[in-house]
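Sequence lines set the chain letters: A, B, ... in the order given, protein chains first and strands last, and positions in each chain run from 1.
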Amino acid sequence: MFAPEEIGEIVEMLLFQDLDIRSVTLGLSIQDCASNNALDFIGCVENKLRGFANSLVKAVEKVSNKYGVKIVTKRIALTPISILLEGFAKKSIEKAVEAGIEFAKTVDKVALSAGIDYVGGYSAFVHKGITPGDFVVLESFPKALAITQTIASMINVASTYTGINVDAINIVSRKIIELANNTPKGIGCARFTVMANAPEDNPFIPGAYHGLGEPEAVVNVAVSGPGVIEAVVRRLGEKADMRTLHDYVKRAAFKITRLGELIGREVAREIGAQFGIVDLSVAPSPKIGDSVAKILEAMGVEVAGAPGSIAALYILVDAVKKGGAMATSSIGGLSGAFIPVSEDWEMNRAAMLGAITIDRLEAMMSVCNTGIDMVAIPGDTPPETIAALILDVMAIAIALDKALGVRIIPVPNSKPGDVVDFGGLLGSAVVMNIPRFSSKRFVERGGLVPPPIKRLDKG
Amino acid sequence: MPHNYFDETSDENLAVVTVIGADKPGIVAGITAVLAKHNVNIVDIAQTVVRGIFSMIMIVDLSTGNIDLPRLREELVSRGKELGVEVSVNHIAVFKAMQRV
């Protein structure tokens, strides 16, 4: 049936190489809860969410137990709240902000009592313009995140179709500072991201939301397997050439993805929801042995960020996509490799050594889809500098036509070199040095950066 | 509902039990006694000792037994702890998904 080596390989991955399912994310439409009455709207979301949250938790536990595979987090992604706040916002921005905050509190309460780790969807899409509902989200997300534990927010400010909304970036960068100042160590910023080309089926928080093209309820899965790939690369040794290296990573990615598909389909079946996608990303956690940066080092760069790191990351991402594409036809999400700084202990070590800097991350994002993720910066960084950083990432995203995000944490009262522990899956991060040269006059021009010529290829 | 191609076979009740640890008398007896107690049949078994490291892989059939997979895992893992060995129990679908196209 199976050779002992085949069984041994899988058991080793599960027991010793931290192979697990990083997240099962239920995408849930709440469009049917649209109402002119805030109480009706929130009550409807509460009821719907409670039912699905309980059955998701039950299903995940059952499937995890049956197969003997650990599922790390359970998440829900909701329809972007901006759409549902539109009606309230038209009447009164203040009332709509109140409704948004009340919505966040209610959803948070339901999630915590059911055992859901994160709920995405406190989101808005402003890549070309800002509607009243979008404005309410921009205005209220710092408070909504500061007073809750599970709510996650994403603002899409750029797309290959429309370009970059610099006005929105200018608002967001001020709000990021407000959020940082209202949560201990700025930790609320870990649940907020600015994105370009946000995918509708992304299972990764804080970027997750339930897109308008999605079915009523859908289960998306993200797999974590850096330890498995690192072990494969190490076992291969130093003599293997690049093509062999790529091939072995590809084979490992295939196996990891197959596990994701098995678990995802089973959870979907248990809930009676449709199965959506497997995100082909290799995602790290702060555990030793669960690091993407260690894979690059196993390939032969002394420390992540050293010259050659971009090529190594390219090999990893390309092999993961090719292996994953063979393993499942249900591909989606962000699919690539993640190199968040605080959530990957070796990335953080490399940052302490000075091998990973903002410049290095900006170069690396051209071959992966992280952007600037879980990066701690000094609390006194001017909002214009944060806006300019976001603008740089967005420009790369639309020029290369890919999804990228910025999740940055201005840690209050910190200076470069300080180490901040965020706890749990968020890990700890060294506060990075940010260039002190000003971009104020540039970002304050505002307006829209036009889309790239690629736009015309799309019709 | 999409068709689930992982469930097409009659393997629904098969699980893979692996046992690894320092070799000593009584490991096989200790583990198999749990299976026998619950009337779980061993379909296939392979066991080796290399340089004092004991390793055993069993494929077991739960269809005749009076226990479900999560509870069997619980009992085997706790028996493993008493014996000083590492035990893992996984549904066969995991191996099928990852090792077979």
Practice problem: With a 4.5 angstrom heavy-atom cut-off, could you sort out which part of A:Met1 is near chain B: side chain, backbone, both or neither? | Solution: both
Quiz prompt | Residues, nucleotides or ligands: over 12 heavy atoms within 6.0 Å of B:Lys37 NZ | solution = yes
Quiz prompt | Minimum-distance pair of heavy atoms, taken over all atoms of A:Pro203 and A:Val221 | solution = CG-O, 4.0 Å
Quiz item: So, for A:Ser281 and A:Leu334, which heavy atoms are closest and what is the spacing to 0.1 Å?
Solution: OG-C, 3.9 Å
Quiz item: How far apart are the closest heavy atoms of A:Ser64 and A:Val69, and which atoms are they?
Solution: OG-O, 2.7 Å
Practice problem: Examine whether an atom of B:Val94 lies under 4.5 Å from a heavy atom of chain A, and if so say whether it belongs to the side chain, the backbone or both; otherwise answer neither. | Solution: both
Quiz prompt | Nearest non-hydrogen partners of A:Ile256 and B:Met98, listed with the distance | solution = N-CE, 4.5 Å
Quiz prompt | Part of B:Glu74 lying under 4.5 Å from any heavy atom of chain A | solution = neither
Quiz prompt | A:Ile263 versus chain B, the contacting section by heavy-atom distance below 4.5 Å | solution = neither
Self-check item: Side chain / backbone / both / neither for A:Leu259 at chain B, heavy atoms under 4.5 Å
Solution: both
